[in-house]
Amino acid sequence: KLWYQRRVRDTQKAFEHLGNAMTYDTANVKAIMGAGSIIQDHGDFDVALTKYRVAATITPESHALWNNIGMCFFGKKKYVAAISCLKRAHYLAPFEWRVCYNLGLAHLTMQQYASAFHFISAA
């Protein structure tokens, strides 16, 4: 049900369900990641980073977490920090196409064209 609501862009309803899940279990990483993702989609990167900070204490080896953190920094125009986080995500999941694509975008923004080509080609 939650997946469907995220898919049809009923983010308000999905956010309510995630909030309910977090009231029962404050360490529910899936709920934290989902809420952070919705917040990130709305452009509030600092609040999303706060959510991700909680998730990082529970599951520091999550490539999806580091990908999202990297894209928050990318949204804040902190490209070196974004590349650093995305490199960690790439280390954790070298064949994940989303991470490769995001790394390519970050390198392209930094005018590092050879690195951008490498990661976008791998995506």
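Predicted model, so just to flag it, every value in this text is computed and none were measured. Every heavy atom of this structure was used, including side-chain atoms; hydrogens, water molecules and symmetry mates were not.
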Point to revise | Separation of Ser115 OG from Lys87 NZ (nearest 0.5 Å) | key: 6.0 Å
Study note, to complete from the structure: Hits for side chain to side chain contact (heavy atoms under 4.5 Å, CB included) against Phe45, two or more places apart or cross-chain, chain-then-number order -> Gln40, Cys72, Lys76
Check your understanding: Rounded to the nearest 0.5 Å, what separation is found between the CG atom of Asn102 and the CG atom of Leu86?
Key -> 6.0 Å
Point to revise | Spacing of CG belonging to Leu108 relative to OH belonging to Tyr101, to within rounding of 0.5 Å | key: 9.0 Å
Point to revise | Cluster overlap Trp97 with Ile120, hydrophobic side-chain contacts below 4.5 Å | key: no
Revision key, fill the gap. When rounded to the nearest 0.5 Å, the distance separating NZ of Lys13 from CZ of Phe15 is 14.5 Å
Check your understanding: In terms of the angle between their ring planes, are His107 and Phe119 parallel, tilted or perpendicular, with boundaries placed at 30° and 60°?
Key -> parallel
Point to revise | Spacing of CG belonging to Asn68 relative to NE2 belonging to His63, to within rounding of 0.5 Å | key: 9.5 Å
Check your understanding: If you measure from CG on Leu18 to CG on Asn28, what distance do you get to the nearest 0.5 Å?
Key -> 8.5 Å
Study note, to complete from the structure: Correct closest heavy-atom pair for Gly70 and Ala82 would be O-CB, 3.2 Å
Practice item. Among Ile, Leu, Val, Met, Phe, Trp and Tyr joined by side-chain contacts under 4.5 Å, find the other residues sharing a cluster with Val54 and list them by chain and number. Key: Met22, Val29, Ile32, Met33, Leu49, Tyr52, Ile58, Leu65, Trp66, Ile69, Phe73, Tyr91, Leu92
**Study point:** Test side chain to side chain contact (heavy atoms under 4.5 Å, CB included) applied to Asn67 and Glu96, step by step
**Key:** CA-CA 10 Å; Asn67 183 57; Glu96 178 61 42; over 6 Å; no
Practice item. Using the test side chain to side chain contact (heavy atoms under 4.5 Å, CB included), find all partners of His42 that sit at least two apart in sequence or belong to another chain. Key: Thr11, Ile38
Exercise for review: Kindly indicate whether the side chain of Arg88, heavy atoms from C-beta on, has any atom under 4.5 Å from the side chain of Glu61.
Suggested key: yes
**Study point:** Enclosure of Tyr79 OH (heavy-atom neighbours >12, cutoff 6.0 Å)
**Key:** yes
Practice item. Would you name the heavy atoms of Gly36 and Ala48 that are closest together and state the gap between them? Key: O-CB, 3.6 Å
Review point. Hey, does the side chain of Ser62 reach the backbone of Thr59 with a donor-acceptor pair shorter than 3.5 angstrom?
Key: no
Point to revise | Contact summary for Phe74 and Ala106, nearest pair of heavy atoms | key: CE1-CA, 3.8 Å
Check your understanding: Are Ser84 and Val80 side-chain neighbours, meaning at least one heavy-atom pair lies under 4.5 Å?
Key -> no
Check your understanding: Can you check whether Leu105's main-chain N or O pairs, donor with acceptor, with Thr109's side chain at less than 3.5 Å?
Key -> yes
Practice item. Grab the two heavy atoms, one from Cys100 and one from Ala122, that are nearest each other, plus how far apart they are. Key: SG-CB, 4.2 Å
